[in-house]
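To start, the structure itself, in structure tokens.
Only this structure's heavy atoms are used, side chains among them; waters, hydrogens and symmetry mates stay out.
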Amino acid sequence: MIGKSEMTLKFRRRNFFTILIFLCISCWNCAIFNRNNTPLIVRVEKHLVPEETVPKVLAAPFYLPVGLAAGVLDLFIVHPILRIPDAYRDTISALWTPQPENGYMTRMAFLPFSVLLTPVFFIGDLFFRSAFDVNGNVDRARIEEVPEKKVKPLQQALSEGDRATILKCLSSYTYYEPNTLYAVLEAYPSDEEIRQLAFVKLVSALNARTFPEFEDFLLSQLNRDARTDRLLLGAFRRLSSKKASAEILRLLRTGSVPEALAKDYMIAVIYIGNEKELQYILDRIRSDKIKDGR
């Protein structure tokens, strides 16, 4: 009786592992059976497998083990490594890219969650992209003998005046150089949809090296609407713009800043202003409290 129970248990375990392996293969199926995702296997087929039938049969003992090893490397090492940049971009976009509609306090409140979720999101996204043939996997079309038609680049679409392609490029997660995005803004001064997308990408793409070139332009966009202002204020804080601090203070002094945004403006000065500018903000806060009777 005990022997029968042990055999039943072993049988169930064997079935469980068989089903588990089958499910794993099924999950990976979408990725590994796309030739774009298996560069090593493609090279084995191209360079080691003869085209003629007889040589192909004779060479099978050699290229089959090599192909199997190449497949294992593609599946568990090469393809996941190739997907790391995509998983990184997804993680930055989902957890670390500021949303213009969210205020400073909202973003700061979410910061601990971003830190905690980053490794979980990255690993999950990497596994998903490695297992399934999703959007990020098209870049290996270069290994195909007949590559798929590539999407028209933003620069070409801009030179051709192709608005639909420009919108598609700007709506994607693709990184574009600030100069290219600025050219889009200059080419479409009255197209609000294109301008919003290009402007958000431009501000997000700036760093300490590229920011000075566009600093005056960004300052000229201040105090236009709440969404743009919050986006700019975040960039000025991130890049510690002293010139922006002076301009923000000037707008506060002239009283041209809407009441709903005054707090955001003052917080920006607190972050990047000099001692004199900070003193003005503190005096203003005290003055506002006295007026409110607090």
Distance-minimising heavy-atom pair for Val78 and Pro39: CG1-CG, 3.8 Å
Backbone N/O of Leu233 and side chain of Asp264: donor-acceptor pair under 3.5 Å: no
Minimum heavy-atom separation for Ala87 and Thr91, please, with both atom names. O-OG1, 2.8 Å
Looking at CE of Met266 and CG of Leu261, how far apart are the two atoms once the value is rounded to the nearest 0.5 Å? 11.0 Å
Look at Glu247 together with Arg250 and state whether they make a salt bridge at an N to O cut-off of under 4.0 Å. yes
Does the side chain of Val200 reach to within under 4.5 Å of the side chain of Leu170, using non-hydrogen atoms? no
Take Val269 and Tyr280 through the test side-chain contact (heavy atoms from CB on, under 4.5 Å) and record every step on the way to the result. CA-CA 10 Å; Val269 176; Tyr280 171 82; over 6 Å; no
May I ask you to check whether over 12 heavy atoms, not counting those of Lys263, lie within 6.0 Å of atom NZ? no
Nearest-0.5 Å distance that lies between atom CZ in Arg253 and atom CG in Leu251: 11.5 Å
Decide whether Leu111 and Leu95 are clustered together by the hydrophobic rule: side chain heavy atoms of Ile, Leu, Val, Met, Phe, Trp, Tyr closer than 4.5 Å, transitively. yes
How far does CH2 of Trp96 sit from OG1 of Thr118, to the nearest 0.5 angstrom? 5.0 Å
Check: Ser93/Asp90 side-chain N/O donor and acceptor closer than 3.5 Å: no
Go through the steps to decide whether Tyr176 and Val184 satisfy the test side-chain contact (heavy atoms from CB on, under 4.5 Å), and finish with yes or no. CA-CA 11 Å; Tyr176 295 105; Val184 173; over 6 Å; no
Is the shortest side-chain heavy-atom distance between Lys201 and Leu197 below 4.5 Å? no
Look up atom CD1 in Ile272 and atom NZ in Lys242, then write down how far apart they are to the nearest 0.5 Å. 7.0 Å
Using a 4.5 Å cut-off on heavy atoms from C-beta on, say whether the side chain of Glu215 contacts that of Leu239. no
Is there side-chain contact between Ile281 and Ile267, with at least one heavy-atom pair below 4.5 Å? no
Taking the side chain as every heavy atom from C-beta outward, state whether Tyr265 and Leu222 have any atom pair closer than 4.5 Å. yes
Once rounded to the nearest 0.5 Å, what's the spacing between atom CG of Leu232 and atom CZ of Arg224? 10.0 Å
So which atom in Thr228 and which in Asp225 form the shortest heavy-atom distance, rounded to 0.1 Å? N-OD1, 2.8 Å
Check whether any side-chain heavy atom of Tyr182 sits under 4.5 Å from a side-chain heavy atom of Glu213, and report yes or no. no
Counterpart residues, side-chain contact (heavy atoms from CB on, under 4.5 Å), relative to Thr180 (two or more places apart): Leu154, Gln155, Glu177
Are Leu117 and Tyr88 linked, directly or through intermediate hydrophobic residues, by side-chain heavy-atom contacts shorter than 4.5 Å (ILVMFWY only)? yes
Looking at side-chain heavy atoms only, is the closest gap between Pro153 and Thr165 below 4.5 Å? no
Under 4.5 Å between any side-chain heavy atoms of Phe199 and Leu218, yes or no? yes
Do side-chain atoms of Thr210 reach the backbone of Leu206 as a donor and acceptor pair under 3.5 angstrom? no
Flag yes if Val115 and Phe122 sit in one hydrophobic cluster, no otherwise; membership is Ile, Leu, Val, Met, Phe, Trp, Tyr, and two members link when side-chain heavy atoms are under 4.5 Å apart. yes
Any idea which heavy atoms bring Ile248 and Ala268 closest together, and the distance? CD1-CB, 3.9 Å
Taking Ser171 for its side chain and Lys168 for its backbone only, find out whether a donor-acceptor pair lies under 3.5 Å. no
Testing the basics here: between Pro258 and Asn223, what is the closest heavy-atom pair and its distance to 0.1 Å? CD-OD1, 3.5 Å
Could you verify whether a donor N or O on one side chain and an acceptor N or O on the other, from Ser245 and Glu277, lie under 3.5 Å apart? yes
Taking a hydrophobic cluster as the set of Ile, Leu, Val, Met, Phe, Trp and Tyr residues connected by side-chain heavy atoms closer than 4.5 Å, whether directly or through intermediates, do Leu252 and Leu282 fall within one such cluster? no
Shared ILVMFWY cluster between Val66 and Leu68, side chains joined below 4.5 angstrom? no
More than 12 heavy atoms of other residues, nucleotides or ligands under 6.0 Å from CZ of Phe217: yes or no? yes
Are the side chain of Arg89 and the backbone N or O of Tyr175 linked by a donor-acceptor pair below 3.5 Å? no
Can you measure from CG (Leu185) to CD (Gln196) and round to the nearest 0.5 angstrom? 11.0 Å
